[in-house]
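These numbers were taken from a predicted model, which means no experiment stands behind them. When a ligand or atom number is given, it counts from 1 through the structure's own listing order.
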Amino acid sequence: MSSRKLVLAALAVFVLVLMTGVMVGQAQDDLTIGFAQVGSESGWRTSFTNAMMAEAEAQGITLLFSDGQQRQENQIAALRSFIAQGVDAIILAPVVETGWDEVLQEAQDESIPVLIIDRNVTADPSFYITRVASDFVHEGRVAAAWLVQATASRAECNIVELQGTVGSSAALDRQTGFNEVIALFPSLEIVASQSGDFTRTGGKEVMESFLNSIDPATICAVWAHNDDMLIGAIEAMKEQGIDPGDDILTISVDAIPDIFRAMADGDANATVELSPNMGVQAYQAIKDYLAGETLPPLISVPGGMYFPDTAEEEYAARSGS
Ligand code: GZL
């Protein structure tokens with residue numbers, strides 16, 4: 001074959017590959033993704049945001065970030081802005097479960113794929129390409145199972161509960177899982193429950209109200225839907241001369257560095273881990289979707305459970321200190 005024909009043949013193959021790539025799915029380089037984050041209410045949320053940003057930078061993804069300040073209207077406005085900008089994809093970490101159908105329909109009308117991350121939505125799954133998250137019900141069950149064994153020798157255990165954000169799947173599902181388990185053990189009873197909105201201030205204020213309305217000597221344990229509220233509750237207990245982790249047992253979720261500090265100091269007893277590192281799975285899912293692949297409805301993020309015996313080294317490893 002003459003050299004001219006060889007060049008033409010190579011060119012034809014190159015064009016064919018290029019066209020095939022375009023037809024099967026969008027090019028995977030220089031993606032622009034809009035990320036509507038809940039807010040910055042907790043240490044875990046901040047770690048999650050930082051991890052998403054770091055991973056986007058590592059992959060050369062342009063990440064348009066919006067801090068919703070824990071308000072759904074801010075997140076909806078952010079999604080509409082991303083849609084108007086014509087981003088390649090949207091990642092939504094929904095503050096609450098309901099109220100997303102209309103804006104998700106708007107994204108779908110513009111053929112912009114939406115990935116749900118962390119908390120869940122009640123919207124039809126056809127509105128989003130997948131969800132990357134941990135299992136909140138499981139986290140509640142594990143937290144309760146630990147408390148059951150930690151109080152096995154007691155005739156009764158009165159529990160006060162610090163709920164997360166009202167209407168969020170993290171709070172609803174953790175409560176469901178926890179209550180499922182303690183229902184099997186009549187000696188364990190939740191005697192007070194109120195939302196601290198996943199913040200340290202909220203956890204402290206609610207714990208103060210519990211301690212002012214319930215004889216602290218009758219409180220066996222505090223169950224907090226996240227570590228930040230528990231850290232606030234620890235402050236409240238200490239201010240009233242109560243020894244957290246001893247006079248009142250503690251169990252919470254997230255495994256943020258400060259809970260390891262608290263466990264190492266004898267102020268907390270256990271935490272259920274929630275990994276903030278979901279960027280790799282999220283960005284890969286978007287790339288796979290854009291390449292024409294079918295995604296599973298849920299991409300699970302695992303987590304362990306931690307106790308005081310490893311708290312000092314875990315704190316050093318996780319806080320970088
Ligand atoms: C759960 C996440 C929760 C964390 C809190 O995945 O949505 O929200 O447990 C955060 O720290 O506020």
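- The closest heavy-atom contact to atom 11 (O) of ligand 1, among the options V301, D254, V272, comes from D254.
- Selection from E41, M278, R45 by nearest heavy atom to atom 12 (O) of ligand 1 gives E41.
- By the 6.0 Å and 45° rule, R318 stacks over the aromatic ring of Y306.
- Counting heavy atoms under 4.0 Å from ligand 1, residue T165 does not touch it at all.
- For ligand 1, the atoms lying closer than 4.0 Å to a non-hydrogen atom of R119 are 2 (C), 3 (C), 7 (O), 8 (O), 10 (C), 12 (O).
- The shortest N or O to N or O distance between S134 and ligand 1 is not below 3.5 Å.
- Taking OG1 of T250 as the reference point, atom CG of L230 lies at 4.5 Å (rounded to 0.5 Å).
- In summary, the side chains of T176 and E180 do not present any donor paired with an acceptor at a separation below 3.5 Å, with no hydrogens or angles considered.
- Note that CG of L249 is 5.0 Å distant from CG of N269, once rounded to the nearest 0.5 Å.
- For the residues H225, R174, M229, the heavy atom positioned nearest atom 1 (C) of ligand 1 is part of R174.
- The closest approach between L274 and ligand 1 falls below 4.0 Å for a heavy atom of the residue.
- Close approach of ligand 1 to S42 is summarised as follows: ligand atoms under 4.0 Å from at least one heavy atom of the residue are 5 (C), 10 (C), 11 (O), 12 (O).
- Between the side chains of E139 and H225, no donor-acceptor pair of N or O atoms lies under 3.5 Å.
- Near F136, the atoms of ligand 1 lying under 4.0 angstrom from a non-hydrogen atom of the residue are 1 (C), 6 (O).
- More than 12 heavy atoms of other residues, nucleotides or ligands lie within 6.0 Å of CZ in R80, so this atom counts as buried by the packing criterion.
- Of the candidates T46, N74, T49, Q37 forms a side chain to side chain donor-acceptor pair (under 3.5 Å) with just one, namely T49.
- Listed by atom number, the atoms of ligand 1 under 4.0 Å from N226 heavy atoms are 5 (C), 9 (O), 11 (O).
- With a 6.0 Å radius and a threshold of 12 heavy atoms from other residues, nucleotides or ligands, E239 has its CD atom above the threshold.
- Interface atoms of ligand 1 facing D118, defined by a heavy-atom separation under 4.0 Å, are 1 (C), 2 (C), 6 (O), 7 (O).
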